[in-house]
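Residue numbers begin at 1 in each chain, while the letters A, B, ... track the order of the sequences.
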Number of protein chains: 2
Amino acid sequence: MTTIFETISEPIARRATAGLVRIGHVLRSRAWKGATPEGVTPTQGHALGLLREAEGGLSLGAIAALLGVSAPTASDAMSTLASKGLVDKAPGDRPRSINLSLTPQGEALAERTGAWPDFLTDAVETLNDAEQAALLRGLVKLIRAMQVKGDIPLQKLCVTCRYFRPNVHPEPEAPHHCALVDAPFADRHLRLACGEHQQADDDSFYEQWR
Amino acid sequence: MTTIFETISEPIARRATAGLVRIGHVLRSRAWKGATPEGVTPTQGHALGLLREAEGGLSLGAIAALLGVSAPTASDAMSTLASKGLVDKAPGDRPRSINLSLTPQGEALAERTGAWPDFLTDAVETLNDAEQAALLRGLVKLIRAMQVKGDIPLQKLCVTCRYFRPNVHPEPEAPHHCALVDAPFADRHLRLACGEHQQADDDSFYEQWR
DNA sequence: GAATTATATTAGGATTCCTAAATATAAAAG
DNA sequence: CTTTTATATTTAGGAATCCTAATATAATTC
């Protein structure tokens, strides 16, 4: 069926993109509001979050790649964090490399700040369960698609994990299975940063999920 | 039903938030890649987009509010755009105020750049129609919720428009109605920046949609 | 005419971002 | 054993982004 909206509107993919862009702007603007003397700037906060997720610390190059900025930018931010006593710089195992990790103070701040801006979580919670699950599913697919195209570094998604077994259970309320913890689960349980994630070699499981 | 995932996972709202935050970071990082000598920086590009949508130009204060930055930051960015010949500064109708508008060059650049980063639109297009519609619906609700709480300035959403008539048609493929163009439409047609939008006085229509 | 109000800019400074060049270091090559 | 090479980080330099606080300017109000 064709309505006037089919012809005068931007395609839905563009409107959804515009919505994501809009939310991105809000997040950036909000993040600066936390840049008080006791707090950290957006880039610094992002780096603290990455270090918190990374077992055993990260090199400067790894941080720069994950932040999506140049090495000098990352170096600046890390030096500032080090001077604030939030991050520790230790020699790495490769020539000239350093290993960055959180100090107890940095750990505490990252814990307190969290990776989830409350105002946005509050907004997500105004959606009902099905809508939240659909939103999460869409976001997982977006991130996965960007990963495949090389637009973003690999992330620890269930759908790219060696232990992911999609649609193996007949029960619609938990059709997938995690072979690591050996338990069934549903789309709404999909994770974006699983600590136990192991990258799968091929796409076969993902294909069964999509 | 309760699985292990219910207990060890972050709540779904937090995971969805984390996904949005992640996409926001990518967008910011990408936007800087366009900051070539011929291109514009992220904040400047955002401002160009706002001016393109605004009939008749905007004051500096309005730009600052819409960008979500302080007046001095906006003033800097607009001066740079003016010196690049992309924006025109004219006296406004209030004391000391200015009216900012796009020059033909600015119009052309805004047109060319667009508000929709292609790499993200491409990712959205990997979702099927139902998923795209669900994503758009979720984003519209998020933006609406943030608007209501005062987290972001008003935006021209269908669901807050005087002409929006939700769920008035029995046909599930186009249950809503736009009283301005007098045509039925569906969730997938929802707009985030309609030129004809007029803010509704109350919530009654939105309540029927949610 | 003086005080108030609204709006934008200037001042000053930290951070974010870039590219290009310099530096340090371990391993490999001669 | 010395030199080269590859790698990783930092320095240098500069534009843009961000903030708060102070300042200019024009219209309105008293």
Salt-bridge contact B/Glu10-A/Arg191 (side-chain N to carboxylate O under 4.0 Å) = no
Rounded to whole Å, CZ of B/Arg28 lies from C1' of C/dT15 at a distance of 12 Å
Rounded to whole angstroms, how far apart are CH2 on B/Trp32 and P on C/dT19?
-> 11 Å
Is the shortest side-chain N to carboxylate O distance from A/Arg52 to A/Glu107 below 4.0 Å?
-> no
Check the distance between D/dA16's P and B/Met78's CE and give it to me in whole angstrom.
-> 14 Å
Are any of the side-chain nitrogens in B/Asp122 or A/Lys149 under 4.0 Å away from the carboxylate oxygens of its partner?
-> yes
Side chains of B/Lys84 and B/Gln44: is there a donor and an acceptor less than 3.5 Å apart?
-> yes
Parallel under 30°, tilted from 30 to 60°, perpendicular over 60°: which one fits the rings of B/Phe185 and B/His176?
-> perpendicular
Atom pair distance, as rounded to whole Å: CZ in B/Arg30 and C1' in C/dC18 | 16 Å
Looking at residues at least two apart in the chain, or sitting in another chain, which of them share a side-chain contact (heavy atoms from CB on, under 4.5 Å) with A/Ala31?
-> A/Pro42
Compute both the distance and the angle, then confirm whether A/Arg144 meets the cation-pi test with A/Trp209: under 6.0 Å from the six-membered ring centre, within 45 degrees of the axis.
-> no
Using only side-chain N and O atoms of B/Thr41, determine if any of them is under 4.0 Å from OP1 or OP2 of D/dA15.
-> no
Could you give the CD1-to-P distance, from A/Ile63 to C/dC17, as a whole number of Å?
-> 14 Å
Short side-chain N/O contact to C/dT16 OP1/OP2 from A/Thr73, under 4.0 Å | no
Assert: residue with more 5' nearest nucleotide on DNA chain D, out of B/Lys84 and A/Ser29, is B/Lys84
Taking OP1 and OP2 of D/dA15, is either one under 4.0 Å from a side-chain nitrogen or oxygen of B/Gln44?
-> no
For nucleotides 7-13 of chain C, give me every protein contact, N/O to N/O, under 3.5 Å, one pair per line with atom names.
unit_1: C/dT7; atom_1: OP1; unit_2: B/Arg94; atom_2: NH1; d: 3.1
unit_1: C/dA8; atom_1: OP1; unit_2: B/Leu60; atom_2: N; d: 3.2
unit_1: C/dA8; atom_1: OP1; unit_2: B/Ile98; atom_2: N; d: 3.4
unit_1: C/dA8; atom_1: OP2; unit_2: B/Gly61; atom_2: N; d: 2.9
unit_1: C/dA8; atom_1: N3; unit_2: B/Arg96; atom_2: NH1; d: 3.3
unit_1: C/dT9; atom_1: OP1; unit_2: B/Lys89; atom_2: NZ; d: 3.4
unit_1: C/dT9; atom_1: OP2; unit_2: B/Ser75; atom_2: OG; d: 2.9

Return the value, rounded to whole Å, for the distance between atom CG of B/Leu67 and atom C1' of D/dT17.
-> 11 Å
Would you indicate what A/Ser70 reaches in the nucleic acid, counting non-hydrogen atoms under 4.0 angstrom: base, sugar-phosphate, or nothing?
-> base
